[in-house]
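See below for the structure under consideration.
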Amino acid sequence: MLSSIIADFRIIFDRDPAARNWLEVLFCYPGLQAILLHRIAHRIYNLKVPFFPRLISHIGRFLTGIEIHPGAKIGTGVFIDHGMGVVIGETAEVGDYSLIYQGVTLGGTGKESGKRHPSLGKNVVVGAGAKVLGNLNIGNNVRIGAGSVVLRDVPSDCTVVGIPGRIVYQSGVRVNPLEHGNLPDSEAKVIRLLLDRIDALEQQVQALQEAKVKERELVASGVSNDKANSDYNETHSCYLKDKEIEEFLGGTM
């Protein structure tokens, strides 16, 4: 437990430019205080001691505004930045060196028993106000955008944005965990694709109308219209990313 506490302390200096000295971090960082109290409560919880783990958790919630159930598993070097309003459920798991911002909920979706809270992999960033609900598996190096609501599993090396959360793949791209506000706008991208489709369909309708007029002229003049039709088919085609639109509208993750 001592090594985990040291890692929790050091990671703050790596990820928070406002951290200037150890005394300030120790006494003025509620995220660190909440995790320290949780590690004590979790150790007692694993010994099957009743009442006291929940009491320590409640004291931590009163002092820091961060509620972590003593049964939750928190990895090494986890940093809860600011932290007010963070809720981490009983069966939740947070991987090593994850970063959690204020207002985040790692919660359940009902009164089911057993594993009912999400499991986060290593180096996960959960933006402010994001909700991850249910027995989900969130892979390593995942970024969850601020205000997103995640209801499905997320593979590693992805970015999730929106309500409900949708995946934007960024595998192989190294991302600064502090740049959680620099996220793609998947809704705007799909809207642009749909506008492109409308424009393409309008062009096809116009071309079809022109082809019909030309066909009548060719029939009237006794000339074959085969070449006109072939030219039209070669010129106009749908160039949109149909799969991307289908996945977005279908909520596929």
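Residue numbers run from 1 in the order of the sequence given. Given the structure is predicted, the values throughout are model-derived calculations rather than measurements. Because only heavy atoms are used, hydrogens play no part in the values below, and waters and symmetry mates are left out as well, while side chains stay in.
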Taking all non-hydrogen atoms of both residues, which atom of [X] and which atom of [Y] are closest, and how far apart?
X	Y	answer
A34	I68	O-CD1, 4.2 Å
A19	V25	CB-CG2, 3.8 Å
G75	D8	O-OD1, 4.3 Å
Q102	M84	CB-O, 3.5 Å
Y29	I12	CE2-CG2, 3.7 Å
V150	R152	CG1-O, 3.4 Å

Looking at Q203, Q204, E202, E210, which hits side chain to side chain contact (heavy atoms under 4.5 Å, CB included) with Q206?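 Exactly one pass, corresponding to E210.
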Tell me which one of V104, V86, I88 satisfies side chain to side chain contact (heavy atoms under 4.5 Å, CB included) with I66.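 For I66, the side chain to side chain contact (heavy atoms under 4.5 Å, CB included) check succeeds only for V86.
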Determine yes or no for a side-chain-to-main-chain donor-acceptor pair under 3.5 angstrom, with [X] supplying the side chain and [Y] the backbone.
X	Y	result
Q33	G60	no
S98	K122	no
R39	I74	yes
H38	A72	yes
H42	P70	yes
T105	K131	no
S119	N137	no
N141	S156	no

Got a second to check how far [X]'s [atom1] is from [Y]'s [atom2], nearest 0.5 Å?
X	Y	atom1	atom2	result
L136	K115	CG	NZ	8.5 Å
L106	E93	CG	CD	11.0 Å
R20	C28	CZ	SG	11.5 Å
I167	I144	CD1	CD1	10.0 Å
T109	H117	OG1	NE2	8.5 Å
I56	I44	CD1	CD1	3.5 Å

Does a sphere of radius 6.0 Å around CZ in R61 hold more than 12 heavy atoms from other residues, nucleotides or ligands, not counting ones at 6.0 Å or beyond?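 No, not enclosed.
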So with a 6.0 Å cut-off around CZ of F52, is the heavy-atom count from everything else above 12?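 No, not enclosed.
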Side-chain heavy-atom pair [X], [Y] within 4.5 angstrom cut-off:
X	Y	result
L99	R15	yes
V78	Y97	no
T64	I80	no
N123	N140	no
S4	T76	yes
F79	I35	no

Hydrophobic cluster membership, with links at side-chain heavy-atom distances under 4.5 Å among I/L/V/M/F/W/Y: are [X] and [Y] in one?
X	Y	answer
Y45	F51	no
V213	V205	no
L32	I5	yes
L36	W22	yes
V87	I59	no

Between H58 and E67, is the side-chain contact (heavy atoms from CB on, under 4.5 Å) condition met? List the steps. CA-CA 7 Å; H58 188 70; E67 182 174 348; over 6 Å; no
